[in-house]
Amino acid sequence: MKVLVVGSGGREHALVWKIAQSPVISAILAAPGSAAISELATCHDIPVSDLDGLVELARAEAVDLVVIGPENPLCDGLADQLRQAGINTFGPSKLASRLEASKAFAKDFYARHNVPSARYGTFSNAGEAKAFLDQFEPPYVLKADGLAAGKGVVIVSDRGEAETEIDAFLSGKFGEASKTLVIEEFMAGEEVSIFALCDGETVLYCGAAQDHKRVGEGDTGPNTGGMGAYSPAPIAKPELIETAMKTIIEPVANGLAAEGSPFQGVLFAGLMVTPEGPKVVEFNIRFGDPECQVLMMRIEDDILPYLEATATGGLAGMPPLRWTAEPAITVVMAANGYPEAYEKGSVIGGVDDANKMEGVVVFEAGTARNADGERTANGGRVLNVTASGETLHYAVDRAYAAIDEIDWPEGFCRRDIAWRALKTH
Ligand code: AMP
Ligand code: GLY
């Protein structure tokens, strides 16, 4: 099989790494890919925003399957264009992608299909938004309607601050994405992410993980795209997974199909485990980054038949995915300054040594190579140091031992990834 992977980050590096292990793979292409991905795939320098260019590449290369990593090309309609060209595609249509592209759409959709989620209102008028705060106790949860790279949610305890934020959102704090905002009830509980493949009709459980969104240790500081993740998530016991599949993921998949926009790809449910059961915080329409990195470490089966079945409507005939018992963790190394301004171009040493350690794989989220062939930083989140081990403790120790091999003074990581799981379970 010849497969094209769209994207260039750590998630796509992990997907390419896993697909490369398939006995039925004949060639992997990536667009645009990265220096690290080019060690496993042929990269084509086409940005994810060039939908026509990507379709043309898939057609010219006669690929059997396209796997789309990031949300932006999905929300722009890349999967629709590929399917119109007769190409099997892992990734949902533009209509189905509204589940992530618009929080207002998503919240109305959950309400229509009785999917448990927080009480909410949608506003583009500041006065109405401020008045709506009366209905809630603090803390107040404000969300940009549109895509904001994981940063479009603000939670504040102070009413005055909430009102200032409402003005900031509506005057374009997150550009067009926050010209409409959603205000919702604060849900207390522990968060967990559950993944499920969906071929338009059938859903198949595809793992659970927890991540750390805040930049600072102890889950402090501003939100990021994610500073680390681990799987399995100790809170995701079989009963919780079953409840989430029945009350949340299946109704979402069925609801999208019933509304004429069947979902083909991976549903990523961000859930809050509350005393009344799991409730939706948000849905994403693609693998999590960096959650994908730990899932790929733990899936025992060849992933390719599952990706293909998702794209072609064949999941009903597939057995459940098998998982290694070994937990996996990924720690993000980011450039100093992230998630605010940071510099590119610093040299990173020691990654090859880290990769040689048992149970360790360093996925590269934002690296390049300089004229001397050295690894350099080329993004905010730069490395995903991923490790598995007999227990979560071993996996954590291995990941941090690998980080200690890496020589990169211009980068940092959180030293407490998986603290909650280590402490309470
Ligand atoms: P989202 O981008 O919607 O996943 O929100 C980012 C983060 O904000 C989530 O991972 C939660 O930690 C937090 N969050 C969002 N909505 C709520 C809510 N209604 N109650 C409590 N925390 C929330
Ligand atoms: N790590 C969270 C996300 O991919 O949205």
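Order of appearance sets the numbers: ligands from 1, and atoms from 1 within every ligand.
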Open item on the list: Check whether D80 reaches the backbone of S93 with its side chain - one donor and one acceptor, N or O, closer than 3.5 Å.
Closed with: no
Task: Per-atom contacts of ligand 1 with I155, taking only distances under 4.0 Å to non-hydrogen atoms - done: 8 (O), 13 (C), 14 (N), 22 (N), 23 (C)
Open item on the list: So for atom CD, which belongs to E358, do other residues, nucleotides or ligands contribute more than 12 heavy atoms lying within a distance under 6.0 Å?
Closed with: no
- [ ] May I ask you to check if ligand 1 and K213 share an N or O to N or O distance below 3.5 Å?
- [x] yes
Open item on the list: So, regarding D289 and ligand 2 (criterion: nitrogen or oxygen to nitrogen or oxygen, under 3.5 Å), is there a contact or not?
Closed with: yes
TODO: Would you mind listing which atoms of ligand 1 come within a distance below 4.0 Å of any non-hydrogen atom of V141?
DONE: 16 (N), 17 (C), 18 (C)
Open item on the list: Counting only heavy atoms, tell me which of E185, K143, M272, E282 gets closest to atom 2 (O) of ligand 1.
Closed with: E282
- [ ] Identify the two heavy atoms, one from P139 and one from I155, that lie closest to each other, and give their separation to 0.1 Å.
- [x] CB-CG2, 3.9 Å
Open item on the list: To the closest 0.5 Å, what do you measure between CD (E100) and CZ (F268)?
Closed with: 8.0 Å
- [ ] Quick one: closest heavy-atom pair of R369 and A35, and the distance?
- [x] CG-CB, 3.6 Å
- [ ] Heavy-atom contacts with G225 under 4.0 Å: which atoms of ligand 2 show up? List them by number with element.
- [x] 1 (N), 2 (C)
Task: Distance filter under 4.0 Å to R286 heavy atoms, resulting ligand 2 atoms - done: 3 (C), 4 (O), 5 (O)
Open item on the list: Are any of the N/O atoms on K213, whether in the backbone or the side chain, positioned under 3.5 angstrom from an N/O atom of ligand 2?
Closed with: no
Open item on the list: Using modelled atom types and a 3.5 Å cut-off, is there a donor and acceptor pairing between side-chain atoms of T310 and backbone atoms of G265?
Closed with: no
Open item on the list: Suppose I only count heavy atoms of G288 and a 4.0 Å limit; which atoms of ligand 2 are within that range?
Closed with: 4 (O)
Open item on the list: Determine whether R286 and R11 satisfy the following criterion, side-chain contact (heavy atoms from CB on, under 4.5 Å), listing intermediate values before the conclusion.
Closed with: CA-CA 10 Å; R286 34 98 196 156; R11 165 181 50 208; 3.4 Å; yes
Open item on the list: When you compare ligand 2 with E282, is there at least one nitrogen or oxygen pair between them that comes in under 3.5 angstrom?
Closed with: no
Open item on the list: If you count every heavy atom of other residues, nucleotides or ligands that lies below 6.0 Å from E390 atom CD, does the total exceed 12?
Closed with: no
Open item on the list: Tell me the contacting part of E191 for ligand 1: side chain, backbone, both, or neither, using a 4.0 Å heavy-atom threshold, strictly below.
Closed with: side chain
Open item on the list: Show the atoms of ligand 2 that are less than 4.0 angstrom away from any heavy atom in N284.
Closed with: 5 (O)
- [ ] Would you check the N or O atoms of F287, main chain and side chain alike, for any that come under 3.5 Å of an N or O of ligand 2?
- [x] no
Task: Enumerated ligand 1 atoms positioned under 4.0 Å from heavy atoms of E184 - done: 16 (N), 17 (C), 18 (C), 19 (N)
Task: Subset of ligand 2 atoms that lie under 4.0 Å from at least one heavy atom of D211 - done: 1 (N), 2 (C)
Task: Parallel, tilted or perpendicular: rings of W17 and F363 (30°, 60°) - done: perpendicular
